[in-house]
Amino acid sequence: MKKLFSLFSVLMVAALVLAACAPAATPMPEPTPVPPTQAPEPTAVPTEAPKTIVDIAVEDGRFTTLVAAVQAAGLAETLSGEGPFTVFAPTDDAFAKLPEGTVEALLADIPTLSEILLYHVVPGAVMAEQVVELKSAETAAGIDVRIKVMDGKVFINDAEVLITDIEASNGVIHVIDSVILPPADIVDIAVADGRFTTLVAAVQAAGLVETLKGEGPFTVFAPTDDAFAKLPEGTIEALLADIPALSDILLYHVVPGKYYAEDVLAMPVLESAQGSSLLVKLMEGKAMLNDAEIIITDIPARNGVIHVIDTVVTPGNIVETAVKDGRFTTLAAALQAANLVEALQGEGPFTVFAPTDEAFAKLPEGTVEALLADIPTLSNILLYHVVEGSVKAADVAGLSNADTLAGEKLNIMIDGEKVMINDAQVIIADIVTTNGVIHVIDTVLQPRDIVDTAVADGRFTTLAAALEAAGLIETLKGAGPFTVFAPTDDAFAKLPEGTVEALLADIPALTNILTYHVVAGEVYAADVVNLESAATVQGQPVSIKVEDGKVFINEAQVIITDIAASNGVIHVIDSVILPPQ
């Protein structure tokens, strides 16, 4: 134990000696503050400039011929401009489909090349979803391209659109599989086609070539050689010897303006360059122009469009037009029975409000047969549909009535967009013929006396009941003529409660009031406004005054004038007028 303690002591002394002899410890240096790390300055990343239509075509690699053509025609700068443009871009394969030598020939004919290239450009940026909604588009060449969708494919003329909506900074590119070529003019197309040799010869003989090669646009309904062959023998030779008549017929096949098939079918009447109307209708799924079938549609031309027909159409007079149309067989039979055909084939002019077969079918059963057996009545009714002179729709709309050849007036009223002749609606207007104009109506017109007119109107039920109670029906259905200031149902409703009932129980008083609304003779509005008073059938006069453009009969305002009847005229008033005590 003592030895162990001694050893420990020696070790402790040695440790202390070593510690004392060791050099002093080096102090730790103070940490040096590190300056904050500076964020590196951002380096500008170059952005790619937006690519124009020309840039995209050059870089794509499938449009080398198109690019070369655009550069040769001096159009690269234009198509790199602001635009926007829509380009239907033919691929190199599309150009390769052209006849051999075509591209080289075009590169040597810059005006033609430019027109063809501009025919592939539509001003504005038209995306695919918009393209498929269009039927045509006007190109930068000033000539339309046709657009159609078939079996889910989109075609520009006969070129299929392969790729759509390649967007550029100045527009959009749609890729097509064929080069589209601007069409020739109408005459050149007809000459090149080979099915229109007679038509072309006739156009040349009539001196109409320059006209139909002109700017137009024109819509031509072109009869084939087979169509001309259907004419009676000698007709063509006779026409070639009568240039005015030939020109008349040829111009009858031409409509100013450009109307594709869908436009034609939406227009029941087309106005020809000759002046007479062409009638369009669908019969058993066939599109008919007068009595010709339209067998080919929408042949585009530089200056319009051609539709092919299987029959030569000729302008006719009122009767001929009605007979050829096919919708007026009953009217035609009635005119023949009444011996009015020759009259309506005369010089005229006449305006005929022509009821269709369906209009005649609306008459009570047996009416047509009864009329065919009563020629004087039939003639009177037919002449009630005829107005002297050529009165177009624009003129009709400005009239309140018109004198017929039956000697009685028709009432004309505009009801919204409807034109009403009495209670018949005009469903087709302005069929122009060589001796007048036809307006097609949906109801047969029949002359009506004052009472029947008021009853048919529907706004005069109280007046009609009062006339019947007073025993005045027969009087006002008589020869007359009478002028009636007719209060409406609303006018009677303005009377104090119980007044109408009291009057219906006091016939002398009722008669006194009713006859105070009647003036002997036929006094139309133009005459009424020049009067200060008018003697009534009751014996006392009514006063007439004009204030602020309004006409008053006593204190009642005239709200409708000149409703014609077979035995007089009705003016509608807004209040019942009472004779002075």
Side-chain angles (χ1 to χ4, degrees), residues 317-319 322-323 328-391 396 399-413 420-426 433 435-457 473-484 521-522 524 562-570:
N317 57 44
I318 286 170
V319 175
V323 169
F328 306 100
T329 57
T330 310
L331 176 61
L335 290 171
Q336 192 166 9
N339 294 316
L340 291 174
V341 169
E342 189 174 348
L344 290 178
Q345 287 186 325
E347 185 175 347
F350 307 105
T351 298
V352 174
F353 295 98
T356 61
D357 292 338
E358 290 176 357
F360 276 98
K362 287 162 61 176
L363 292 172
E365 190 174 351
T367 302
V368 174
E369 292 75 14
L371 288 171
L372 291 171
D374 182 355
I375 298 305
T377 302
L378 177 62
S379 295
N380 193 54
I381 289 176
L382 292 173
L383 292 174
Y384 188 57
H385 291 76
V386 184
V387 171
E388 191 172 359
S390 183
V391 187
V396 169
L399 301 174
S400 59
N401 55 63
D403 292 308
T404 69
L405 295 188
E408 297 165 13
K409 291 182 183 291
L410 293 169
N411 294 306
I412 301 168
M413 182 176 68
M420 306 298 294
I421 309 298
N422 288 4
D423 54 349
Q425 184 183 343
V426 177
T433 74
N435 67 336
V437 62
I438 299 171
H439 304 295
V440 183
I441 54 176
D442 66 352
T443 304
V444 177
L445 305 170
Q446 298 183 66
R448 288 176 174 159
D449 57 46
I450 285 171
V451 175
D452 290 342
T453 301
V455 169
D457 186 280
I473 295 288
E474 289 305 311
T475 301
L476 290 179
K477 287 176 76 71
F482 307 104
T483 298
V484 175
E522 198 171 48
Y524 280 88
D562 294 349
I563 299 177
S566 60
N567 62 341
V569 61
I570 300 171

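No donor-acceptor pair closer than 3.5 Å links the side chain of T453 to the backbone N or O of A565. Of the possible polar contacts, one joining the N567 side chain to the L476 backbone as a donor-acceptor pair under 3.5 Å is found. Of the possible donor and acceptor atoms, none in the side chain of D449 sits under 3.5 Å from a partner among the backbone N and O of S566. Listed for the T404 side chain is no donor-acceptor partner under 3.5 Å among the backbone atoms of V387. Between the side chain of S390 and the main chain of G436, no donor-acceptor pair closer than 3.5 Å is present.
The environment of CD in Q425 is crowded: more than 12 heavy-atom neighbours from other residues, nucleotides or ligands sit within 6.0 Å.
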Please report the C-alpha distance between L371 and T377 in whole Å, then the side-chain angles of each, then the deciding distance to 0.1 Å, and finally whether the side chain to side chain contact (heavy atoms under 4.5 Å, CB included) criterion is met. CA-CA 7 Å; L371 288 171; T377 302; 3.7 Å; yes

Run F328 and T356 through side chain to side chain contact (heavy atoms under 4.5 Å, CB included) and show every step you take. CA-CA 5 Å; F328 306 100; T356 61; 4.0 Å; yes

Derivation of the side chain to side chain contact (heavy atoms under 4.5 Å, CB included) call for V386 and L382: CA-CA 7 Å; V386 184; L382 292 173; over 6 Å; no

Assess the residue pair K477 and D452 against the criterion (side chain to side chain contact (heavy atoms under 4.5 Å, CB included)); give the C-alpha distance rounded to whole Å, side-chain angles, the decisive distance to 0.1 Å, and a yes or no. CA-CA 8 Å; K477 287 176 76 71; D452 290 342; 2.9 Å; yes

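Checked against F360 for a side-chain contact (heavy atoms from CB on, under 4.5 Å), the options T330, T443, T367, T329 give a single hit: T330.
Interatomic distance, L344 CG to N317 CG, rounded to the nearest 0.5 Å: 8.5 Å. Once rounded to the nearest 0.5 Å, the distance linking CD1 of I318 with CG of L331 reads 10.5 Å. Between the CG atom in N380 and the CD atom in Q446 there is a gap of 10.5 Å [rounded to 0.5 Å]. In this structure, CD1 on I412 lies 13.0 Å from CD1 on I563, to the nearest 0.5 angstrom. Here the straight-line distance linking atom CD of E388 with atom CG of D403 works out to 9.5 Å at 0.5 Å rounding.
Across all non-hydrogen atoms, the minimal contact from L372 to A334 is CD2-CA, 4.2 Å. Residues A338 and L378 share a closest heavy-atom pair of CB-CD2, 4.1 Å. The two residues I570 and A454 make their nearest non-hydrogen contact at CD1-N, 4.5 Å. When all heavy atoms of V341 and V319 are compared, the closest pair comes out as O-CG2, 3.8 Å.
When the side-chain contact (heavy atoms from CB on, under 4.5 Å) test is applied to L445, the partners found at least two apart in sequence or on another chain are F353, Y384, H385, L410, I421, N422, A424, I441. Considering only residues two or more places apart in sequence or on other chains, D562 meets the side-chain contact (heavy atoms from CB on, under 4.5 Å) condition with S400, N401, Y524, A525, V569, H571.
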